[in-house]
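First the structure, in the form of structure tokens, and then the observations on it.
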Amino acid sequence: MKELKNIQDYNGRIKKVLITKEEIDAKIKEAGKVIDSYYDGRPILLVSVLKGAFVFMADLCRAVTVPCEIGFMCAKSYYTGTVSSGVVNITMDLDQDVSGYNVVIVEDIIDTGRTLKDIYELLKARKPLSIRVITLLDKPSRRLVEFTPDLSLFTIEDLFVIGYGLDCGEFYRNLPYIAEYSED
Ligand code: IMP
Ligand code: MG
């Protein structure tokens, strides 16, 4: 990735809006109802994978009505520009025991599937009551490790996207929509 020089350069790399804020809001409302229906009034623990999922988590937790706790983990996939190196590190673990919880992992995007597979296996080994995965975005054509989420809000092509929590070089997470990133 080339260095960002100024605001014109920054804006120039936002190629095209793929998913608007309104489209995201509508899908999250529906997702909240689906989660409610899964648990039928039972409490859940939403576990978000930082940093990318923090915006999605903030909106999703306000769309569910079942009693809900929030937990955070941090996983870092190392990137060279927009290409994943395949190395996943859990850099911050949950600060609570998940045994006895209905866990819902909240992820921003599933690309190769490596990050989520690792996190899923790790949490499953801790014997939660149940475990499900919800992702905002899914890029199934990029999968290297088999993984299917329980709920995916949007399926996208093999494009590098930014906004609504997703970054490129740590920028663009605060865009309220999801856009395609321009490499040039
Ligand atoms: P995976 O392990 O390859 O499935 O992807 C792991 C992480 O890579 C995701 O949680 C994101 O943080 C990041 N990632 C994958 N694709 C994109 C993208 O298009 N834009 C921004 N981040 C991405
Ligand atoms: Mg992520």
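Atoms within a ligand are numbered from 1 in the order they appear, just like the ligands themselves. Bear in mind that the values here come from a model prediction, so they are computed numbers and not experimental data.
Less than 4.0 angstrom separates some heavy atom of Leu159 from each of these atoms of ligand 1: 19 (O). Interface of Asp167 with ligand 1, defined as ligand atoms under 4.0 Å from a residue heavy atom, comprises 21 (C). Listed by number with element, the atoms of ligand 1 under 4.0 Å from a non-hydrogen atom of Thr115 are 1 (P), 2 (O), 5 (O), 6 (C).
Between Phe56 and Tyr164, the angle of the ring planes lies from 30° to 60°, which puts this pair in the tilted group.
Residues meeting the side chain to side chain donor-acceptor pair (under 3.5 Å) test with Thr148, sequence neighbours left out: none.
Counting heavy atoms under 4.0 Å from ligand 1, residue Arg142 does not touch it at all. Contacts with ligand 1 closer than 4.0 Å are made by heavy atoms of both the backbone and the side chain of Val161.
Under 4.0 Å is where a charged nitrogen must lie from a carboxylate oxygen, and between Arg173 and Glu170 at least one such pair does. We find that Arg42 and Asp36 are not joined by a salt bridge, their nearest charged nitrogen and carboxylate oxygen being 4.0 Å or further apart.
Under a 4.0 angstrom heavy-atom cut-off, Arg143 registers as lying outside contact with ligand 1.
Within the set Leu50, Asp158, Asp108, Ile162, the minimum heavy-atom distance to atom 10 (O) of ligand 1 is found for Asp108.
If you look at Phe72 and Phe54, their ring centroids are not closer than 6.0 Å.
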